[in-house]
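What follows is a single structure, written as C-alpha cells, with notes after it.
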Amino acid sequence: LGMFSELKFPVPWGHVAAKAWGPSEGHPVLCLHGWLDNANTFDKLIPLLPKDCYYVAMDFSGHGLSSHRPAGSAYHFLDYVSDVCRVTAALQWRRFTLMGHSMGGAVAGMFCFLYPEMVDKLILLESLGFLLAPEDTEAWLKSKRMVIDRLLNLEAKQQIPKARSPEAALQRLLEANRHLTAEGGAILLQRGATETPAG
C-alpha cells in the first residue's frame with residue numbers, strides 16, 4: 001500500500017484535497033488528520049493496515065493541499081464535519097469506517113453522532129472522540145444535523161438567481177415580510193436588488 005493517488009473534490013470556496021491508497025472497490029475508510037496536520041500524517045500507518053481496504057485521507061479546509069476558507073471565515077468543528085459530508089457524498093459512500101487522529105478524532109466522533117447510519121466503525125488515535133452532556137444531546141443532534149443538511153442541499157441546487165420585474169420582486173418581498181409596507185419594501189429593494197438584462 002505504498003502507492004497512493006491524489007484526489008480533489010470541488011467545494012464552493014475551491015477544493016478539498018485527499019490522498020488514497022488501496023483498491024477503490026475495497027472497504028472504504030476515511031482518515032481524518034489532527035490539528036495543523038494534513039493527510040501525510042497517515043503515510044507510515046496505512047502500509048501496515050489490511051490491504052483490502054480503500055483508504056482516503058483528506059486534508060481539512062485550510063490544511064495540506066486543500067483550499068483555505070474565505071478570509072474572515074472561522075474553522076469550527078462543525079465546518080470540518082460538513083467537509084466530511086461533502087467528501088463522502090462526492091465518493092458516493094453510503095457506509096464506511098472513520099479513523100481520526102487527535103482533532104480528527106473529535107470531528108470523526110461528531111460525525112458519528114450526527115450520521116450514525118453512515119459509520120460502521122470508529123477508530124480513534126490519541127482522541128476522546130466527542131462528548132456531550134446527556135441533557136443536551138437530543139437538541140444538539142437535531143439542530144446541527146439540520147444546519148449541515150440544509151447547507152449541502154442549498155449548495156447542490158446552486159442555480160442561476162431568478163430575475164423578476166421590480167413589481168414581482170416587491171410582491172415577493174412583501175409576502176415574505178408581512179409587517180412591511182409597500183413603501184418600506186420599495187426602499188429596501190433599492191439597495192437589496194440588482195438590475196440585470198433579464199430583469
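Position 1 is the first residue of the sequence; numbering continues from there. For the numbers below, each heavy atom of this structure counts, side chains included, while hydrogens, waters and symmetry mates do not.
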- prompt: Is Phe60 close to Met58 at the side-chain level, that is, under 4.5 Å between some pair of heavy atoms?
  reply: yes
task: With rounding to the nearest 0.5 Å, note down the distance linking CG in Leu30 to CZ in Phe111.
output: 8.0 Å
Cationic N near anionic O, under 4.0 Å, Arg145 to Glu117: yes
task: Look up atom OG1 in Thr41 and atom CG in Leu36, then write down how far apart they are to the nearest 0.5 Å.
output: 11.5 Å
- prompt: Does atom CD of Glu6 have more than 12 heavy-atom neighbours, drawn from other residues, nucleotides or ligands, at distances under 6.0 Å?
  reply: yes
query: How far does CE of Met110 sit from CG of Leu131, to the nearest 0.5 angstrom?
result: 10.5 Å
field: Residue Trp13 excluded, over 12 heavy atoms near CH2 under 6.0 Å
entry: yes
query: Any side-chain donor paired with an acceptor under 3.5 Å for Thr97 and His27?
result: yes
- prompt: Between the side chains of Glu167 and Ser165, does any donor sit under 3.5 Å from an acceptor?
  reply: yes
message: Between Asp52 and Gly26 (side chain of the first, backbone of the second, donor and acceptor by atom type, cut-off under 3.5 Å), is there such a pair?
response: no
- prompt: Just by distance, do the side chain of Thr88 and the backbone of Trp93 share a donor-acceptor pair under 3.5 Å?
  reply: no
query: For the atom pair CG (Leu141) and CG (Asp136), what is the distance rounded to the nearest 0.5 Å?
result: 11.0 Å
field: Asp149 bridged to Lys144 by N-O distance under 4.0 Å
entry: no
- prompt: Can you tell me if Ser82 uses its side chain to pair, donor with acceptor, with the backbone of Cys85 under 3.5 Å?
  reply: no
query: Side-chain contact, heavy-atom cut-off 4.5 Å: Ile46 with Phe4?
result: no
query: Any chance CD of Glu135 has more than 12 other-residue heavy atoms, nucleotides or ligands included, within less than 6.0 Å?
result: yes
message: Check Lys19 with Asp43, please: is the shortest side-chain N to carboxylate O separation under 4.0 Å?
response: yes
message: Donor-acceptor check, side chain of Ser61 to backbone of Arg69, threshold 3.5 angstrom: yes or no?
response: no
query: Hey, any chance Val81 and Leu132 share a hydrophobic cluster, counting ILVMFWY side chains that come within less than 4.5 Å of each other, even indirectly?
result: yes
field: From CA spacing to verdict: ring pair (Phe, Tyr, Trp, His ring centres under 6.0 Å), Tyr115, Phe96
entry: CA-CA 11 Å; Tyr115 299 95; Phe96 53 93; 9.7 Å; no
message: Classify the ring geometry of His63 against Tyr75: parallel below 30°, tilted from 30° to 60°, perpendicular beyond 60°.
response: perpendicular
Linked, directly or transitively: Met99 and Leu122 (ILVMFWY side chains, under 4.5 Å): no
query: So, the side chain of Asn38 versus the backbone of Asn40: is there a donor-acceptor pair under 3.5 Å, distance only?
result: yes
task: Kindly say whether Leu124 contributes a backbone atom to a donor-acceptor pair with the side chain of Ser127 at under 3.5 angstrom?
output: no
- request: Taking the side chain as every heavy atom from C-beta outward, state whether Leu98 and Leu32 have any atom pair closer than 4.5 Å.
  value: yes
message: Measuring from atom CZ of Phe77 to atom CZ of Phe130, what distance do you get when rounded to the nearest 0.5 angstrom?
response: 9.5 Å
query: Is there side-chain contact between Phe113 and Trp140, with heavy atoms separated by less than 4.5 Å?
result: yes
- prompt: Is any side-chain heavy atom of Val29 less than 4.5 Å from a side-chain heavy atom of Val56?
  reply: no
message: Rounded at 0.5 Å granularity, tell me how far CZ in Arg172 sits from CG in Asn177.
response: 10.5 Å
task: Report, as yes or no, whether the 6.0 Å neighbourhood of atom CZ on Arg95 holds more than 12 heavy atoms from other residues, nucleotides or ligands.
output: yes
message: Donor-acceptor check, side chain of Ser102 to backbone of Gly34, threshold 3.5 angstrom: yes or no?
response: no
query: So, for Trp21 and Phe42, is the gap between ring centers shorter than 6.0 Å?
result: no
- prompt: Any side-chain heavy atom of His101 within less than 4.5 Å of one from His33?
  reply: no
